[in-house]
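One structure is given here, and the rest of the page talks about it.
Since the structure is predicted, the reported quantities are computational estimates derived from the model, not experimental observations.
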Amino acid sequence: MQWLDATAQADLFHRKEATAVELLNAAVDRIEDLDPRINAVVYRWFDDAAETAARIDRGDSAAAGPFAGVPFLLKDLNTSCSGRPLSNGNARLRERPVIGVADTTLVRRFRRAGLVIAGRTNTPELGSIGTTEPVAWGPTRNPWDRSRTAGGSSGGAAAAVAAGMVPIAHASDGGGSIRIPASCCGLVGLKPSHGRVTRHPSQDESGLGVEFCVTRSIRDTAVLLDSVSGPGVGDSVIAPVPARPYLEELECQLRSLRIGLLDHHPLVAEGLTIDMECVDAVHTAARLLEELGHRIEPSFPNALADPRAGRTFSTLWSANVAAGIARLGEHLGRPVTPDDVEPLNWAHAQAAGSASAADHALAQDEAMKFRRAVRGWWADGFDILLSPTLGKVPSRLGALDCHSAEDLAAYRRRTSEYLAFTPSFNVSGQPAISLPLSWTESGLPVGIQLVADYGREDLLIALAGQLERAQPWENRRPLL
């Protein structure tokens, strides 16, 4: 059962070959056995989950959806779950957590799909970096090599799924935080279009962030997107309704697609490079796509090579971190001090504080111009952009030096090659997916990223399904 995807586990329930309680108990046993080595699960709500599973088994639960009885974990970042604690990876909030007043709309949809929420997964403080090593909870270790990062900020979610603790887990992405850990841990990680999955009631769809999941299979991604997509009350951005259920895209016959290939750092002119293992992975994927009948051209949106785009993202990111720190102060009932947050996040807040309202407005304006310029490449006739997901293979824990980093500019230089390909599409709002098509000689996963035009998750899922059938990864499993 450990390596079955969520669809297969749900099939056991629907065929009455396993009860929801049995599925949960098996997941709990795996968490208790494996998590001391991985450190992915920071809150455990096993008793509450057992009551939910028992209600599903009795048939007196509304959760009769496609994933009925499947164990599931929420990320410990921002998403409210009624009566349950939330720390956002912060040491002060671990001591005095925020207790959810109500479920968010997305959490209600997870429950309606039949998922049994059993706890929360580890995340870096405020979800602000691409590795999961918070002071509050300690580092999450990559199941493929426990000396290395599981990525971030959904590193706990990805590690839990990659280790087989649960088959699917909640994740969110404001600069790559679904795709980065999916690449590091050998999973499927879809970042939906802005406005595809509501963030009602507490967050807005027009910012950098989206919420969804990490999975072991494309079919799980498609089924969950069918289950949770759609607007909430007052949403400011609403993605176009798909022509048919996403699951049906896995059966469609794809036409020959025009695919642009980006196999180097977009800022190579600035002297930035990427690991050869990442280059090799994207070339392998390109050859496979050609064998499947698609046309590969060396091309990518010119706007990605503009160094101003990175500065715009950094301005907006620092403002988001500063807002998170301000909310922390509201919860604590006093001003936040440097002792309350990690040095890197304090540096973000200081950077945001030194910028004026006009600076922020100009950054928003630059983001709008960047979004239009990037999407123009798709308007000119391309269907998909193919790139590595990351510029580096999973780094050793501690390599990003995220706890002693008082110098924000130095930290950004350290991560500029690692995060070469993901943040741009948080600014543009487009859907992007990381797929586990390659592994290094030492056994580390290397993801490739596919990006589609705004609202075209259908095309991503269809193409990802074609690649999964041509080069399956379901039997790739870490040695735990």
Side-chain angles (χ1 to χ4, degrees), residues 1-35 40-41 43-75 81-82 84 103 106-121 157-158 160-171 187-188 190 197 212-229 245-248 250-251 461 465 468 472-475 477:
M1 192 181 295
Q2 178 176 3
W3 302 113
L4 296 179
D5 70 359
T7 300
Q9 291 199 26
D11 283 346
L12 292 177
F13 172 81
H14 290 300
R15 294 198 307 266
K16 301 187 184 304
E17 295 178 14
T19 66
V21 168
E22 288 170 340
L23 293 173
L24 175 66
N25 287 343
V28 168
D29 288 345
R30 294 192 297 269
I31 292 169
E32 291 181 336
D33 175 42
L34 296 170
D35 199 52
V41 184
Y43 288 110
R44 301 181 181 192
W45 307 330
F46 297 160
D47 290 344
D48 181 70
E51 293 177 6
T52 300
R55 287 197 300 272
I56 292 173
D57 284 335
R58 291 195 301 268
D60 57 2
S61 169
F67 290 133
V70 174
F72 186 72
L73 296 166
L74 290 179
K75 183 178 177 180
C81 184
S82 181
R84 294 297 167 186
D103 289 346
L106 178 57
V107 170
R108 290 201 304 271
R109 291 177 182 176
F110 286 148
R111 295 188 193 277
R112 189 175 64 197
L115 295 165
V116 178
I117 299 172
R120 286 196 190 274
T121 57
V161 175
M165 298 181 202
V166 293
I168 186 170
H170 170 235
L187 300 176
V188 177
L190 171 67
V197 178
F212 191 42
C213 68
V214 286
T215 69
R216 297 183 58 82
S217 66
I218 300 299
R219 66 179 183 175
D220 282 0
T221 295
V223 172
L224 190 64
L225 194 59
D226 282 328
S227 300
V228 304
S229 63
Y246 291 111
L247 184 60
E248 293 183 11
L250 297 181
E251 305 298 326
I461 287 171
E468 185 182 33
W473 54 76
E474 65 176 339
N475 291 325
R477 299 164 186 172

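Between Pro71 and Leu24, the shortest heavy-atom contact is CB-CD1, 4.4 Å. Nearest heavy-atom pair, Ala118 versus Ala49, reported as atom, atom and distance to 0.1 Å: CA-CB, 3.9 Å. Scanning all heavy atoms of the two residues, the minimum distance from Val197 to Leu106 falls at CG1-CD1, 3.7 Å. Taking all atoms of both residues into account, the shortest heavy-atom contact from Ala157 to His170 is CB-O, 3.3 Å. When all heavy atoms are compared, the tightest approach of Cys81 to Arg111 is SG-NH2, 3.3 Å. Nearest heavy-atom pair across Asp103 and Arg108 is O-NH1, 3.4 Å.
Atom OG1 of Thr52 sits about 11.0 Å away from atom CG of Leu115, to the nearest 0.5 Å. Atom CE of Met1 is separated from atom CD of Glu17 by 10.0 Å, given to the nearest 0.5 angstrom. Atom CG of Leu224 is separated from atom CZ of Phe212 by 4.5 Å, given to the nearest 0.5 angstrom. Rounded to the nearest 0.5 Å, atoms CD (Gln9) and CD (Gln2) are 10.0 Å apart. Atom CG in Leu73 sits 9.5 Å away from atom CD1 in Ile117 (nearest 0.5 Å). With rounding to the nearest 0.5 Å, the separation of CD in Glu22 from CG in Asp57 is 8.0 Å.
Among residues two or more places apart in sequence or in another chain, the side chain to side chain donor-acceptor pair (under 3.5 Å) test is passed with Thr221 by Thr215. Applying the side chain to side chain donor-acceptor pair (under 3.5 Å) rule to Asp29 yields no partners; only residues at least two apart in sequence or on another chain are considered. Partners of Tyr43 by ring pair (Phe, Tyr, Trp, His ring centres under 6.0 Å), not counting sequence neighbours, listed by chain and number: Trp137. Taking Arg109 as the reference, nothing meets the side chain to side chain donor-acceptor pair (under 3.5 Å) condition, with sequence neighbours excluded. When the salt bridge (Lys or Arg N to Asp or Glu O under 4.0 Å) test is applied to Arg44, the partners found at least two apart in sequence or on another chain are Asp35. Taking Phe72 as the reference, Phe110 meet the ring pair (Phe, Tyr, Trp, His ring centres under 6.0 Å) condition, with sequence neighbours excluded.
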query = When you look at Arg58 and Ile56, which way does the side chain to side chain contact (heavy atoms under 4.5 Å, CB included) test go after all the steps?
reply = CA-CA 5 Å; Arg58 291 195 301 268; Ile56 292 173; over 6 Å; no
Side chain to side chain contact (heavy atoms under 4.5 Å, CB included) assessment of Ile168 paired with Asp5 = CA-CA 7 Å; Ile168 186 170; Asp5 70 359; over 6 Å; no
query = Val116 and Val70: side chain to side chain contact (heavy atoms under 4.5 Å, CB included), yes or no, with the steps?
reply = CA-CA 6 Å; Val116 178; Val70 174; over 6 Å; no
message = Under the criterion side chain to side chain contact (heavy atoms under 4.5 Å, CB included), I'd like the reasoning laid out for Leu74 against Arg84: C-alpha separation, chi angles, the key distance, then a yes or no.
response = CA-CA 11 Å; Leu74 290 179; Arg84 294 297 167 186; over 6 Å; no
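Heavy-atom contacts from other residues, nucleotides or ligands closer than 6.0 Å to CD of Glu251 number 12 or fewer. Heavy-atom neighbours of Glu474 CD from other residues, nucleotides or ligands within 6.0 Å: at or below the threshold of 12.
Thr7 and Asp220 share a side-chain donor-acceptor pair at under 3.5 Å.
A donor-acceptor pair is defined here as one N or O able to donate and one able to accept, closer than 3.5 Å; no such pair exists between the side chain of Glu248 and the backbone of Pro245. Judged by distance alone, the side chain of Trp473 and the main-chain N or O of Leu187 form no donor-acceptor pair under 3.5 Å.
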